[in-house]
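Before any comments, here is the structure.
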Amino acid sequence: MKHSDGESFITIHSAAPAKPLLGEPCNGCGVCCAAQPCPVSRLLLGHRSGACPALRWQAHERRYACGMVTEPGRFLRWLPQRWSGFAGRRFARWIAAGMGCDSDIEAR
């Protein structure tokens, strides 16, 4: 959401970890995915702006996870169940999940 002064606002769970600095290990803060869809979301879900519909809050871990990685069949109904593990691993690689924060978004 855009504010009148040009700032954008996103909604993040209050228990989510603080966004790490650029290049630090990913901690599941969800900021990047709440701000804009990744290439996997754009290509396979057709999502063009705003929070990714596959962004999932993991209450027991108190962090966000990518639903395209953890349960791709939920979002790609055409995906055979037996391919779910392979697809999740492939999507994780494509988005470099867990490799380090690549979001330069300033979270306050």
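Below 30°, between 30° and 60°, or above 60°: for W57 and H13 the angle between ring planes is below 30°, a parallel geometry.
With sequence neighbours excluded, no residue satisfies side chain to side chain contact (heavy atoms under 4.5 Å, CB included) with A18. For the side chain to side chain contact (heavy atoms under 4.5 Å, CB included) test, no residue two or more places apart in sequence or in another chain qualifies with D102. Checked against ring pair (Phe, Tyr, Trp, His ring centres under 6.0 Å), W83 has no partners two or more places apart in sequence or in another chain.
Looking only at distances, no side-chain donor or acceptor of R63 sits under 3.5 Å from a matching main-chain atom of C29. With hydrogens and angles disregarded, a donor-acceptor distance shorter than 3.5 Å links the side chain of H47 to the backbone of S49.
Between P20 and N27, the shortest heavy-atom contact is CD-OD1, 3.4 Å. Minimum heavy-atom separation, L79 to S84: CD2-CA, 4.1 Å. A pairwise comparison of heavy atoms in I105 and V31 identifies CG2-CG1, 3.9 Å as the closest pair. Of all heavy-atom pairs between L22 and C101, the closest is CD1-O, 3.5 Å.
Cluster partners of F86 are absent, since no Ile, Leu, Val, Met, Phe, Trp or Tyr has side-chain heavy atoms less than 4.5 Å from it.
A single hydrophobic cluster is not seen to contain both M99 and I95; linkage of ILVMFWY side chains at heavy-atom distances under 4.5 Å, directly or through other members, places them apart.
Summarising the local packing, CD of E61 is surrounded by more than 12 heavy atoms from other residues, nucleotides or ligands at distances under 6.0 Å. For CZ of R42, the number of neighbouring non-hydrogen atoms (other residues, nucleotides, ligands) closer than 6.0 Å is greater than 12.
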Using atom types as modelled, flag every donor-acceptor pair under 3.5 Å from a side chain in residues 32-39 to any protein atom, sequence neighbours excluded.
none

Give the table of side-chain donor-acceptor pairs shorter than 3.5 Å for residues 68-75, with sequence neighbours excluded, one pair per line with atom names and distance.
residue, atom, partner, partner atom, Å
T70, OG1, C66, O, 3.3
E71, OE2, R74, NH1, 3.3

